[in-house]
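Note sheet for the following structure.
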Number of protein chains: 2
Amino acid sequence: MRGRFFSGTYMNQVDAKHRLSVPATFRETIETRSGSRTVVLAPAEHAPCLVGYDIGHFEAVHAEIAARFAGDFGPGRGNLARTLFASAETLGYDDNGRIILPPILLELGELSGPALFLGAGDYFELWAPGLLLASDDVDPRLKRVVRALMQARGL
Amino acid sequence: MRGRFFSGTYMNQVDAKHRLSVPATFRETIETRSGSRTVVLAPAEHAPCLVGYDIGHFEAVHAEIAARFAGDFGPGRGNLARTLFASAETLGYDDNGRIILPPILLELGELSGPALFLGAGDYFELWAPGLLLASDDVDPRLKRVVRALMQARGL
DNA sequence: AGGGATACCATGGGCTTTCATGGAATTTCA
DNA sequence: TGAAATTCCATGAAAGCCCATGGTATCCCT
């Protein structure tokens, strides 16, 4: 199932050492898109979850900012660059496909125990299941899928 | 492995001897970009913090700012440029990755105790946590990240 | 098509290396 | 010769690395 896009729903565990397996299909998408074994994780803007990209997408954004603000070192550029890069973490995964979640991301995503990966095309989302089920903005059908996943694991 | 730009948020301590560890991932980025174990630190133009570059990027920034002031022969000319350049320091870090902050930078950045490194793409910023939380120009989400970091350290 | 073998994946544990930080030792210069 | 600055070593904690395991899906062969 190799593809250019992130799709599907997966649930993996955050262990005591804050390790988390990136689903194999997502890893393959990441490597297809960027050629590197690296994920960029950042807090989402409008939802209590994290967003994941391949590093190529991030570099594209970086290039765009650099071009748009060429010659401009005013506050606008500073803010954008700061917000975009400071809140993002660049994480490489190991031979088993696991990343280590830094404390900030654990905190912002409220991740402990099970973590949900939701494919979303050019990126994916990473949710604490409880927050997803409690969110008003999530499609009920998706919630059903999640509930089924949790039940299959005795949660 | 960690890319060629600065990203992420880190908090290290300024000790009694004014020593400060540059985060390992930033050191790696610096060496990737410039091939030297050297940081340039200067006061930021639009924010109460310091900015850090690898030497290569500093030269680019230097050229752009100098060009901006090129046609200005009024009385105000040079004050800003003087501040930016005169107080810029080229600091090499030691085997443990530590730089020693000169008094002028300590004062300009109001740094004592914890210091925040914010990745911003081609450069990074160095903040006193209190000043960042008090600044109106900083994105609220970024403040959340910083608060989470401080809480994790019992501040 | 069935059933056995195989490859892959998520997860756990232990071991090693690296990192941030503190302190001591040594040098430098007034 | 004393104070300040710089270099070196020590340490606890965290991050990363390697191998092991159990379970599931996949392949293959007759």
Side-chain angles (χ1 to χ4, degrees), chain A residues 1-2 6 8-31 36-39 41 52 89-107 111-117 119 124 126 129 148-150 152-155, chain B residues 1-3 6-32 37-39 52 89-106 111-117 119 124 126 129 148-150 152-155:
Chain A
M1 264 301 159
R2 63 178 50 192
F6 299 100
T9 301
Y10 305 88
M11 187 164 72
N12 290 342
Q13 289 289 116
V14 178
D15 71 15
K17 293 159 90 175
H18 303 155
R19 295 181 296 187
L20 176 61
S21 288
V22 177
T25 59
F26 284 14
R27 299 201 305 262
E28 188 151 350
T29 298
I30 286 166
E31 285 157 38
S36 81
R37 302 163 57 87
T38 301
V39 196
L41 277 185
E89 296 278 349
T90 303
L91 306 171
Y93 47 82
D94 61 23
D95 290 341
N96 292 337
R98 280 189 289 200
I99 55 177
I100 297 178
L101 294 172
I104 322 163
L105 293 180
L106 284 170
E107 167 89 17
L111 292 168
S112 65
L116 275 169
F117 289 86
F124 63 87
L126 188 56
L149 261 179
M150 294 179 71
R153 301 220 178 182
L155 295 172
Chain B
M1 186 256 285
R2 268 26 182 213
F6 300 98
S7 73
T9 301
Y10 305 88
M11 188 164 72
N12 290 342
Q13 290 289 119
V14 178
D15 71 14
K17 296 163 143 184
H18 303 156
R19 295 179 297 186
L20 176 61
S21 287
V22 177
T25 59
F26 283 15
R27 301 201 302 263
E28 195 170 328
T29 299
I30 286 167
E31 285 156 40
T32 299
R37 302 164 57 86
T38 302
V39 196
E89 299 271 358
T90 301
L91 306 171
Y93 46 83
D94 62 22
D95 291 340
N96 294 336
R98 281 191 287 202
I99 55 177
I100 296 176
L101 294 172
I104 180 72
L105 292 180
L106 282 171
L111 291 169
S112 65
L116 276 169
F117 289 85
F124 63 86
L126 189 55
L149 247 186
M150 294 180 71
R153 298 222 178 178
L155 294 173

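All heavy atoms count here, side chains included; hydrogens, waters and symmetry mates do not.
The separation between I100(B) atom CD1 and dC8(D) atom C1' is 13 Å, rounded to whole Å. Rounded to whole Å, the distance from CG on D94(A) to P on dA15(D) is 14 Å. Summarising the geometry, the separation between CG on D95(B) and C1' on dT6(D) is reported as 12 Å, rounded to the nearest angstrom. Between E89(A) atom CD and dA14(D) atom C1' there is a gap of 15 Å when expressed in whole angstrom units.
A donor-acceptor pair under 3.5 Å is absent between the side-chain atoms of R37(A) and the main chain of E31(A), judged by distance alone.
When all heavy atoms of P129(B) and L116(B) are compared, the pair lying nearest together is CA-CD1, 3.8 Å.
Ring pair F26(B)/F124(B) is tilted by interplanar angle, where 30° to 60° counts as tilted.
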B/S/- contact track for nucleotides 9-19 of chain C, protein heavy atom under 4.0 Å: SSBBBB----S

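A heavy-atom distance below 4.5 Å is not found between the side chains of P103(A) and L149(B). With a 4.5 Å cut-off on side-chain heavy atoms, E89(B) and I104(B) count as touching. F117(A) is not listed as a side-chain neighbour of T9(A), based on a closest heavy-atom distance of 4.5 Å or more.
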